[in-house]
Amino acid sequence: MDNDWELDLESCRGLAERPELSEADRQLVREMIAQAENLAAENIRLRKALLRASRNGARMSSKLKEALYE
């Protein structure tokens with residue numbers, strides 16, 4: 001999945017290990033990374049569920065669709 005919103009979590013992990021950050025800041029960065037990973041995994045699961053639901057749904061016949069567009 002390549003898009004502009006994808007996070008570079010490896011660079012964030014590097015940020016979490018910077019010595020100039022306080023331990024509280026490092027912990028906050030680690031928690032944010034974990035939350036981003038969880039949200040990304042949930043996003044993938046939701047996309048798959050949506051695709052399954054859209055495949056299994058009843059589709060309109062072309063005649064019905066044409067009648068509705070008129």
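Quick note: numbers below take in every heavy atom, side chains included, and nothing from hydrogens, waters or symmetry partners.
Atom CG of residue D25 and atom CG of residue L15 lie 9.5 Å apart, to the nearest 0.5 angstrom. Going from atom CG of N38 over to atom CD1 of I33 covers 12.0 Å, rounded to the nearest 0.5 Å. Once rounded to the nearest 0.5 Å, the distance linking CG of L28 with CG of L21 reads 10.0 Å.
Residues V29 and C12 come closest through the heavy atom pair CG1-O, 3.7 Å.
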Could you go step by step and tell me if E10 and R13 meet the salt bridge (Lys or Arg N to Asp or Glu O under 4.0 Å) rule? CA-CA 5 Å; E10 289 305 315; R13 283 186 186 91; 2.9 Å; yes
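Here E20 pairs with R18 under the side-chain contact (heavy atoms from CB on, under 4.5 Å) rule; sequence neighbours left out. Partners of A36 according to the side-chain contact (heavy atoms from CB on, under 4.5 Å) rule, which considers only residues two or more places apart in sequence or in another chain, are L7, L9. Every side-chain contact (heavy atoms from CB on, under 4.5 Å) that E23 has, sequence neighbours left out, goes to R26, R30.
Between L46 and E42, some side-chain heavy-atom pair lies under the 4.5 Å cut-off.
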